[in-house]
Amino acid sequence: MKKIILTGIASAALAVSASAEVKVGNPMAVTGPIPDLVAPMLLAVDLAEKHVNEQGGLFADGQKYTIVRADSGCDPTAAVDAVTKLVNVEQVSAIIGPVCSGATIAQAQSVTMPAGVVTLSVSASSPAISSLESGTDLVFRTAASDAFQGKALAELAIANGIMDLAISYANDDYNAAIAAVFASNYEILGGTITANEAHEPDKSSYRSEVATLGADTNNLALFAYYGSSGITILRNSLETGAFDLFFGADGMAAQEVIDQIGAENLGNAFFTTSTSDQTTNAFGAWKAAADAANVPAADPFVPNSYDAAFMMALAIEKLGSGDRAGIASALRAIANGPGEVILPGEFAKAKAILAAGGSIHYVGASGPQDFFNNGDVAGFFSKNTVVDGAWKAEIIK
Amino acid sequence: MWENFGFEFVNYYFIPGLVLGCIYALGAIGITLTFGILRFANFAHGEIMMTGAFLTWTFLEISNIFLGFYMHPLIACTPAIFIAIFLALSVDRYFYKPFRDSPTIIIVMASFGMMLIIRSLVQVIWGPNQITFVKGIAKPNSYLKDFSSSMDMMLLVPSKHLFIILGTIIIMLAFNYMLTSTRIGKAMRAVSDSPDLAKVTGIDVEQVIRATWIVGGFCAVMAGVFMAMDTQFIMSTMGFRMLLPMFAAAILGGIGRPFGAVLGGLVIGFAEELSAYPWFGNGPLLSPGYKSGVAFSILVLMLVFRPSGILKGRVF
């Protein structure tokens with residue numbers, strides 16, 4: 001009896017707090033192998049939260065849009081723990097994040113999909129996520145699938161005259177998937193792969209790996225997170241002279257890589273990242289807002305993070321409540337249009353249109369953000385090279 | 001491209017295996033000592049290692065600010081060793097001692113808790129990001145390279161690896177002397193064999209326990225600093241990453257047998273590196289992705305066929 005009363009009081013308390021705010025969970029890889037890449041993404045999510053609350057909050061009574069952050073550590077186990085807490089204890093309406101593909105897949109399969117909660121990932125790009133669900137429509141992302149990036153990277157390699165190479169990839173959902181896409185496209189385009197091996201992340205030395213891989217070529221396609229194996233492999237390759245040309249994707253384009261290896265040693269390295277077309281109006285609006293708040297507007301996945309947090313607020317506003325069940329269709333309604341175009345930061349305008357019964361079409365900082373049937377979006381990629389001790393991005397069309 | 005060198009096996013498989021084995025061995029000594037004398041698996045051991053590396057980095061930076069140059073990490077680690085030993089002793093005094101007479105599982109859980117507490121504290125103080133320990137690329141030691149090439153060989157060993165290998169040998173010799181020839185070393189062996197018997201013969205068990213933490217903490221910090229010198233960066237999860245191979249080394253060598261731990265560390269270090277060597281044909285014998293699996297297959301086989309380890313350690 002006592003227990004029932006207590007539960008009753010607890011749920012009443014929850015109901016009271018729910019009327020004042022709408023909570024959205026935000027598991028991000030705050031710790032783990034890529035903290036440098038994640039730090040500005042956190043700022044972008046916070047900026048979206050601030051924009052929504054400054055421009056009148058949610059619904060007619062101005063409820064607070066609250067982002068509840070948790071640490072998913074770029075790790076499937078940590079992500080499941082963090083999201084379980086967000087979904088069951090914090091009772092969030094939806095999930096924005098996690099950062100890494102392995103974490104996103106794990107939390108979707110074990111927590112959010114069974115609970116009927118929408119996941120809108122800010123940067124998970126594994127092709128495996130496209131086919132993660134059938135008919136549930138609960139997993140979305142604002143970053144493009146690596147099915148596109150792997151192909152872009154293969155074309156870039158051939159265009160740079162790299163006709164033979166060895167591939168080393170970290171044994172996780174993201175890196176293994178993009179390595180496979182890259183390998184098949186590269187061979188179709190006429191390149192020769194002399195060796196293709198997985199490596200185990202988090203080892204203190206990769207000398208034997210690079211020695212074996214480097215037997216027949218000087219070019220290495222490296223798919224890894226910089227903090228768990230990427231930097232060590234670069235260092236071991238340069239120390240042993242196994243490779244002198246490196247390229248790869250998102251997980252490596254961090255300032256930490258240059259700081260540790262030294263810009264003078266990275267003259268022959270380029271990495272592609274997901275990026276935005278910086279000539280659009282939407283990016284201009286985002287850049288103005290981001291610059292004002294000291295957020296690095298063009299860093300990898302930073303605009304994608306803002307888009308995710310902002311679109312979630314628009315979807316909740318459109319739905320009129322934080323009800324978990326309606327968010328997926330509301331998200332599609334505000335993203336895919338038709339309706340009045342809303343640019344990043346224009347929450348008050350969107351709110352007014354929705355209040356008057358109109359419909360809106362969000363165009364994001366990182367791209368149009370129109371969801372395909374499987375919850376994916378299209379995207380742009382850039383080639384990053386070291387210029388004056390920092391990564392310089394150049395968009396590939 | 002390796003045919004020109006000929007010494008491919010030695011340079012890229014044997015020496016890295018030896019370096020890794022040295023680091024595992026130093027770490028495993030502390031684990032096997034606490035296992036032997038205090039009779040519990042100390043999960044916080046990797047964190048002492050990591051804290052030592054972070055403290056060393058701090059002293060490196062301090063030396064750069066006040067002296068204008070970076071000291072060698074092996075000099076900067078001296079004050080770090082004292083602080084880390086103090087940390088290990090305080091943890092024992094306030095968190096393990098109250099549970100000395102409780103069932104082992106309670107003190108194991110206490111050490112698990114300490115592991116999380118220490119790591120979180122380090123993250124609060126130094127942040128969760130990677131920190132560069134030593135910048136740039138370590139080129140092979142040119143003296144050794146010239147010397148070996150004059151003898152028609154080609155040894156490519158960075159100086160940092162020479163320091164690690166020589167340092168480990170010196171620590172091992174000192175450790176051997178302590179265990180076999182000093183009073184406290186003999187007392188440690190006595191307590192390890194039978195704490196009750198040692199107590200009735202008048203050995204101060206608490207003093208032996210303190211000595212255990214001092215020796216274990218010293219070896220842990222050295223392992224942490226050596227590892228930081230090798231990888232050239234430090235991060236808060238580095239100790240935890242090393243914990244499982246170090247446990248494997250301790251069990252492989254025989255629980256409570258310090259020299260077994262050294263042997264176990266070397267075996268695991270070599271096994272991990274050499275499994276990727278193209279023994280037959282051109283491809284690696286075993287995909288390097290399964291490196292960790294090698295260590296643990298050895299561990300499982302040992303536990304099944306010879307649970308006492310190589311040097312007949314304790315069986316629980």
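Each chain gets a letter, A, B and so on, in the order its sequence line appears, and its residues count up from 1. Heavy atoms only: backbone and side chains are in, while hydrogens, waters and symmetry mates are out. Bear in mind the structure is a predicted one, so any value in this text is a computation, not a measurement.
In this view, Tyr169(A) satisfies the ring-ring contact (aromatic ring centres under 6.0 Å, His included) rule with no residue, not counting sequence neighbours.
Of the two parts of Tyr24(B), only the side chain, counted from C-beta on, holds a non-hydrogen atom closer than 4.5 Å to a non-hydrogen atom of chain A. Of the two parts of Glu256(A), only the side chain, counted from C-beta on, holds a non-hydrogen atom closer than 4.5 Å to a non-hydrogen atom of chain B. Neither the backbone nor the side chain of Val19(B) comes within contact range of chain A, judged by heavy atoms closer than 4.5 Å. With a 4.5 Å cut-off on non-hydrogen atoms, Ile231(A) touches chain B through its side chain but not through its backbone. Residue contact with chain A, scored on non-hydrogen atoms closer than 4.5 Å, is absent for Thr237(B).
Among Met242(B), His161(B), Met235(B), the residue with the largest count of heavy-atom pairs under 4.5 Å with chain A is His161(B). Per-residue heavy-atom pair counts under 4.5 Å with chain A were compared for Gln123(B), Gln130(B), Lys135(B), and the maximum is reached by Gln130(B). The candidate from Ser208(A), Ala198(A), Ala39(A), Pro201(A) with the greatest count of non-hydrogen atom pairs under 4.5 Å with chain B is Ser208(A). In terms of heavy-atom pairs under 4.5 angstrom with chain A, the leader among Leu20(B), Leu274(B), Thr132(B), Val134(B) is Thr132(B). Annotation: maximal heavy-atom pairing with chain B below 4.5 Å, among Asn265(A), Ile34(A), Asn171(A), occurs at Asn265(A).
For Glu273(B) against Ser205(A), the heavy-atom pair with the smallest separation is OE2-OG, 3.7 Å. Across all their heavy atoms, Thr231(B) and Arg235(A) have their closest contact at O-NH1, 2.6 Å. Across every non-hydrogen atom of Asp230(B) and Arg207(A), the tightest pair is OD1-NH2, 3.0 Å.
Taking 4.5 Å as the limit, some side-chain heavy atom of Glu239(A) sits within range of a side-chain heavy atom of Gln232(B). Side-chain atoms of Tyr12(B) and Val210(A), non-hydrogen and from C-beta on, never get closer than 4.5 Å to each other.
Note that CD1 of Ile137(B) is 10.0 Å distant from OG1 of Thr240(A), once rounded to the nearest 0.5 Å. Rounding to the nearest 0.5 angstrom, the gap separating the CZ atom in Phe233(B) from the CG atom in Asp259(A) is 13.5 Å.
Around the CZ atom of Phe270(B), the shell of radius 6.0 Å holds more than 12 heavy atoms that belong to other residues, nucleotides or ligands.
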